[in-house]
Colleague: 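A single structure is presented below for examination.
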2 protein chains.
Amino acid sequence: MPKTPVWRAIAATLMDEIASGHYRPGDKLPTEAELSTRFGVNRHTVRRALAELGTLGLTHARRGAGVFVLSEPTDYRIGKRVRFHQNLTEAGRLPAKRILTLQTRPSDKDEAEALALPPGASVHVYEGLSLADGTPVALFRSVFPAQPFPNLLADLQFHQSVTKALAAAGIEDYTRASTRLTAKTATATQALQLGISEGAPILRTVAINHDTTGRPIEYGHTWFVGDRITLVVAD
Amino acid sequence: MPKTPVWRAIAATLMDEIASGHYRPGDKLPTEAELSTRFGVNRHTVRRALAELGTLGLTHARRGAGVFVLSEPTDYRIGKRVRFHQNLTEAGRLPAKRILTLQTRPSDKDEAEALALPPGASVHVYEGLSLADGTPVALFRSVFPAQPFPNLLADLQFHQSVTKALAAAGIEDYTRASTRLTAKTATATQALQLGISEGAPILRTVAINHDTTGRPIEYGHTWFVGDRITLVVAD
DNA sequence: GGAAATTTGTGCGTATGTATC
DNA sequence: CGATACATACGCACAAATTTC
């Protein structure tokens, strides 16, 4: 069993308390001295936990004043390794997915090109809704080549996780090759599914993921609710 | 003048040495003990600097083995993420800029915090319009601390380039600390300036740029017309 | 307005644990 | 196995910014 450092346990506790609403956006956390007493550790150990919350964008420290819980919208970090579940977990929110459709069908022109497949080759398509704390924050559609992953749809249904389903198919790791971003306004269908008004701002990302050999394995679109999500590109 | 912490100066030095190719991707950095001796500081101070490189994704530490350089030097200096930045604010592919306002005024709360200035400290503000083929594609506002750059407004007016104006003020190099992206809809004022309808989708980016000592020197917003621009983040 | 108390930030020193070589 | 190297944790002191009185 991996031993968990004390500072990590403290960070997890504080993240839980933020996620549960015990500390709300704008609230001041207890002082480092108070947290030291509460957890029975040195102030530096508390500071290590608070540093973690800070780099995750969950809190912000002001010298002389205190450490404050940041307000929404939630930052969603974008970079070489993007995992929706992991990101929102780190941000102290409860992630969930709802499957809308799972199907296998012939690829269209864009999909075949993005995945380097022959025109019309069979692909698996996974469409769903991402929620944080019960609120929809994004719609997504992931397209995978069907031939190398015969059982992917069943794995996706079971795990509800792209990472785990790909792992079951033997893909240990994958990285994002590119991300394109633009702004849109919500269509009527999107607005209904996301619980927003038609015409509300939407941040659309289009990404291609590669396995470690450089073979494209996922062509994904995500439509984020602009008012609920901020993407962060960390340099 | 803001005093730079020792660990930040050490982090900047190591980043320079990585960027210059003195340490190449895959290389092992000197041990913490060696770096402590070299810089004449405690090992914890070196660790604070290395922690910064780690969270920036430049290095990766392996317990018992060492600290290893991850990124290509080009990724840091002229690499993809920084090119992304240059495309945003430097108009690398945008043929024209139109200056809307150049002024010096007291900073608001957000600006002072982003630039690590005392509340209300004086800042230079550069607002303008970016055009491609005569069509407006983005509005931008860049905010700089006024005190270190007395002639910045004149330099901006002359060069119409942030990089060149900062170079004239003695800033040889600067890097983007973070970029945040979200979707908005155009306000009436923005719609008028950009030649679009009120409520049209807007991609907003917010970025903070640091000089090589880690001091924030630019706080920039850009509002892209969603229908006319797609941003690309290449990893 | 100013002094004092509070609170986070930086830095040093020490000791011990754990993974790698 | 021993030596090396990073990780964790405690303690102390002072600096810098804010808040309180």
Side-chain angles (χ1 to χ4, degrees), chain A residues 1-14 23 26-56 58-70, chain B residues 1-14 23 26-56 58-70 107 109-121 145 147 177 210 213-216:
Chain A
M1 189 165 66
K3 188 179 164 187
T4 304
V6 175
W7 68 262
R8 197 168 275 286
I10 292 174
T13 299
L14 294 175
Y23 301 117
D27 281 359
K28 183 180 165 302
L29 292 184
T31 67
E32 296 173 353
E34 287 166 349
L35 291 172
S36 302
T37 304
R38 168 182 167 192
F39 292 109
V41 299
N42 189 273
R43 184 178 151 228
H44 279 309
T45 306
V46 166
R47 279 182 63 75
R48 181 64 187 87
L50 291 175
E52 186 73 6
L53 301 191
T55 61
L56 292 177
L58 203 52
T59 59
H60 175 67
R62 283 175 50 216
R63 180 188 299 205
V67 178
F68 298 84
V69 178
L70 284 182
Chain B
M1 187 165 64
K3 187 181 161 188
T4 303
V6 174
W7 68 262
R8 198 169 271 287
I10 292 174
T13 299
L14 293 175
Y23 301 118
D27 280 0
K28 181 179 163 305
L29 292 184
T31 67
E32 294 173 355
E34 287 166 348
L35 291 172
S36 303
T37 304
R38 169 183 167 190
F39 292 109
V41 299
N42 188 273
R43 185 179 150 229
H44 282 308
T45 305
V46 166
R47 278 183 62 75
R48 180 66 187 84
L50 291 175
E52 186 74 6
L53 301 192
T55 61
L56 292 176
L58 283 176
T59 59
H60 175 68
R62 284 174 50 216
R63 180 185 302 206
V67 177
F68 298 85
V69 177
L70 283 180
S107 55
K109 187 162 167 291
D110 275 356
E111 293 162 351
E113 184 166 338
L115 293 171
L117 296 175
Q147 192 271 327
H210 287 176
T213 71
R215 187 178 50 151

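Letters A, B, ... mirror the listed sequences (proteins, then strands); counts begin at 1.
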Colleague: Return the value, rounded to whole Å, for the distance between atom CZ of A:R47 and atom C1' of D:dG11.
Modeller: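 So the two atoms are 15 Å apart, to the nearest Å.
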Colleague: Can you tell me how far P of D:dT18 sits from NE2 of A:H60, to the nearest Å?
Modeller: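 Interatomic distance, NE2 of A:H60 to P of D:dT18: 10 Å.
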Colleague: With a 4.5 Å cut-off on side-chain heavy atoms, are B:R62 and B:H60 touching?
Modeller: yes
Colleague: At their closest point, which heavy atom of B:T45 faces which heavy atom of B:W7, and how far apart are they?
Modeller: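 Heavy atoms of B:T45 and B:W7 come nearest at O-CB, 3.7 Å.
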Colleague: Enter the distance from B:H44:NE2 to B:L50:CG here, rounded to the nearest 0.5 Å.
Modeller: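 Atom-to-atom, B:H44:NE2 and B:L50:CG are 13.0 Å apart.
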Colleague: B:R48 CZ to C:dC12 P: how many Å, rounded?
Modeller: 14 Å
Colleague: Taking CG from B:L35 and C1' from D:dT4, how many angstroms apart are they, rounded to a whole number?
Modeller: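 It works out to 15 Å between those atoms.
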Colleague: Do side-chain atoms of A:E34 reach the backbone of A:T31 as a donor and acceptor pair under 3.5 angstrom?
Modeller: yes
Colleague: Measure the spacing between CG of A:L35 and CD1 of A:I10 and express it to the nearest 0.5 Å.
Modeller: 8.0 Å
Colleague: To the nearest Å, how far apart are A:F68 CZ and D:dT18 P?
Modeller: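 So the two atoms are 11 Å apart, to the nearest Å.
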Colleague: D:dG11, OP1 or OP2 - any side-chain N/O from A:N42 closer than 4.0 Å?
Modeller: yes
Colleague: Using nucleotides 5-7 of chain C, report all nitrogen or oxygen pairs with the protein that are shorter than 3.5 Å.
Modeller:
from  : atom 1 : to    : atom 2 : distance (Å)
C:dT7 : O2     : A:G64 : N      : 3.3

Colleague: Taking the side chain as everything from C-beta on, heavy atoms only, tell me whether B:Y23 gets closer than 4.5 Å to B:T59.
Modeller: no
Colleague: Between C:dG9 and A:H44, counting only base atoms on the nucleotide and side-chain atoms on the residue, is there a donor-acceptor pair under 3.5 Å?
Modeller: no
Colleague: Could you tell me how far apart B:L29 (CG) and D:dC6 (C1') are, to the nearest whole angstrom?
Modeller: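 Checked: the CG to C1' distance equals 13 Å.
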Colleague: Between D:dC6 atom P and B:L50 atom CG, what is the distance in whole Å?
Modeller: 8 Å
Colleague: Please check the phosphate of D:dC10 (OP1 and OP2 only) for any side-chain N or O of A:T45 closer than 4.0 Å.
Modeller: yes
Colleague: Of the candidate nucleotides D:dC10, D:dA9, C:dG13, which contains the atom at the shortest distance from the side chain of A:P5?
Modeller: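 Of the options given, the side chain of A:P5 lies nearest D:dA9.
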Colleague: Ignoring the backbone of A:R43, work out which of C:dC12, D:dG11, C:dT8 is nearest its side chain.
Modeller: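 Given the options C:dC12, D:dG11, C:dT8, the side chain of A:R43 is closest to C:dT8.
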Colleague: Test your reading of the model: is there a side-chain donor-acceptor pair from B:S107 to the backbone of B:A121, 3.5 Å cut-off?
Modeller: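 Looks like yes, one N/O pair under 3.5 Å.
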